[in-house]
Amino acid sequence: MPMSSVNPANGSVLNVFETWDRPRIDKALSQAERVAPAWRGLALAQKADLMRQAAHVLRHRRDHFASMITQEMGKLLRESRGEIDRCATVCDYYADHAAEFLADEVVPEVEGDARVVFQPLGTILAVMPWNFPFWQVFRFAAPTLLAGNTALLKHASNVPRCALAVEEIFRDAGFPAGVFQTLMIPSDAVSDVIRDPRVHGVTLTGSEPAGRAVAAVAGETLKPSVLELGGSDPFIVLDDADLDRAVEQAVVSRYQNAGQSCIAAKRFILLPGAAEGFMERFKAAVKALKPGDPTREDTSLAPMARMDLRDELHQQVQDSIAEGAVPVLGCEPLQGKGAWYAPSILDRVVPGTRAYQEELFGPVASILRAKDDADAVRIANDTRFGLGGSVWTRDPERGAAVARQLACGSTFVNSMVKSDPRLPFGGVKDSGYGRELARAGILAFVNTKTLTLR
Ligand SMILES: O=CCCCC(=O)O
């Protein structure tokens with residue numbers, strides 16, 4: 001099955017790549033195995049210099065990589081530039097902090113010299129999604145490589161140019177050949193790669209079914225895994241919230257990247273004292289979004305990444321309406337050749353509707369009503385997902401009390417959920433397990449080893 005690069009803004013085919021056969025995959029795995037001892041043995045300071053050089057390559061060729069992202073998966077060019085900047089930042093962050101994160105931990109309570117040391121596991125496979133085709137890879141690669149592992153990337157099939165560009169960045173930065181390799185393989189080849197004895201761990205960001213499939217093979221072969229899956233994050237507006245600020249952030253969180261983010265606010269849970277004011281402002285702001293050419297500065301809503309994803313979203317919306325949800329805005333595909341969907345709001349989303357139960361991965365906001373703080377928490381947690389959640393209130397203590405009760409991996413009071421290299425990132429429940437970023441991210445694929453000397 002070839003991998004096609006298609007511009008979702010207009011449906012034009014940019015490139016078609018042949019996928020690898022078994023001998024080519026085997027060659028890549030052997031190369032990773034061959035280079036691993038030298039990479040592991042290279043001083044951390046030298047590895048960090050190479051990572052800083054990767055940041056430099058990213059910054060130097062920012063516009064080139066940004067326009068590649070926009071062409072291949074549709075996001076607004078300014079968002080693509082921001083994505084490249086974040087990649088450079090995460091490279092620098094781990095270059096600056098890896099030594100401190102990986103330093104031996106002395107355990108003074110134990111007699112003699114007892115310490116915990118952190119050593120690489122070997123070669124780690126990353127199965128990555130198309131929605132942040134550079135960022136998701138760099139936030140895995142920067143810590144994983146600096147921990148002394150080698151890395152393999154199986155990227156989403158609709159972003160092959162980005163996949164190859166990431167490998168090129170590490171090569172151009174001076175990383176030894178084989179330390180980071182992109183595998184041009186289809187999804188059905190992933191299980192065999194995980195099973196291969198030359199692979200020692202796997203991380204996946206993507207859909208729940210893909211996560212379950214990867215976790216099953218990792219479990220069967222007893223290899224560590226990190227899963228970052230879907231989300232249906234609540235955005236809870238308490239009755240004392242600053243509504244102007246809440247709405248401004250609600251629009252960014254739900255509609256940036258055409259709504260295709262695991263940590264986008266998806267369920268807006270409104271308290272009675274906030275509902276009317278929020279809805280009035282929110283409707284106006286969403287109506288003002290301007291779909292159009294993603295390379296233009298005045299466009300504010302991108303196309304979705306693929307036609308099939310757009311059609312799947314529309315089916316969820318139609319089913320939700322048939323089940324009783326109320327369309328307030330949009331809720332239909334837009335005319336044109338690309339994967340366009342109108343900026344949409346669905347109100348009165350109640351249990352039993354698809355919008356209540358499922359993740360809507362596109363520019364559709366679900367509005368839910370709660371009686372009070374406790375009811376908002378109950379509704380927020382009434383989902384199988386548990387990635388992030390935000391709470392909006394002028395009372396920080398009240399906000400923190402609500403946030404502490406949310407069953408998810410990241411909570412924010414008075415700001416939208418976002419990832420930050422300094423903060424651990426990941427979910428609970430069906431949103432996955434394990435953590436990326438911060439110190440937790442670099443410890444995800446190390447052998448935490450006890451060493452005692454007497
Ligand atoms: O789909 C997951 C998106 C994560 C986006 C981010 O880290 O900002």
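All ligand and atom numbering here is 1-based and tracks the order in the structure.
Aromatic ring centroids of Phe118 and Phe101 lie 6.0 Å or more apart. Not less than 6.0 angstrom separates the ring centroid of Phe180 from the ring centroid of Phe175.
Applying the side chain to side chain donor-acceptor pair (under 3.5 Å) test to pairs two or more places apart or on separate chains, those with a residue in residues 253-264 are Lys75-Asn257.
No hydrogens or angles considered: a donor-acceptor pair under 3.5 Å links the side chains of Asp293 and Thr295.
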Show the short N or O contacts, below 3.5 Å, that ligand 1 makes with protein N or O atoms; if there are none, say 'none'.
from, atom 1, to, atom 2, distance (Å)
ligand 1, 1 (O), Asn131, ND2, 2.8
ligand 1, 1 (O), Cys262, N, 2.8
ligand 1, 7 (O), Trp135, NE1, 2.9
ligand 1, 7 (O), Arg139, NH1, 2.7
ligand 1, 7 (O), Ser419, OG, 2.5
ligand 1, 8 (O), Arg86, NH1, 3.1
ligand 1, 8 (O), Arg86, NH2, 3.2
ligand 1, 8 (O), Ser419, OG, 3.2

Original post:
Given Leu346 and Val326, is the side chain to side chain contact (heavy atoms under 4.5 Å, CB included) satisfied, shown in steps?
Top reply: CA-CA 6 Å; Leu346 263 184; Val326 177; over 6 Å; no

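Cation-pi geometry between Arg139 and Phe425 is met: the NZ or CZ atom falls under 6.0 Å from the ring centre, inside 45° of the normal.
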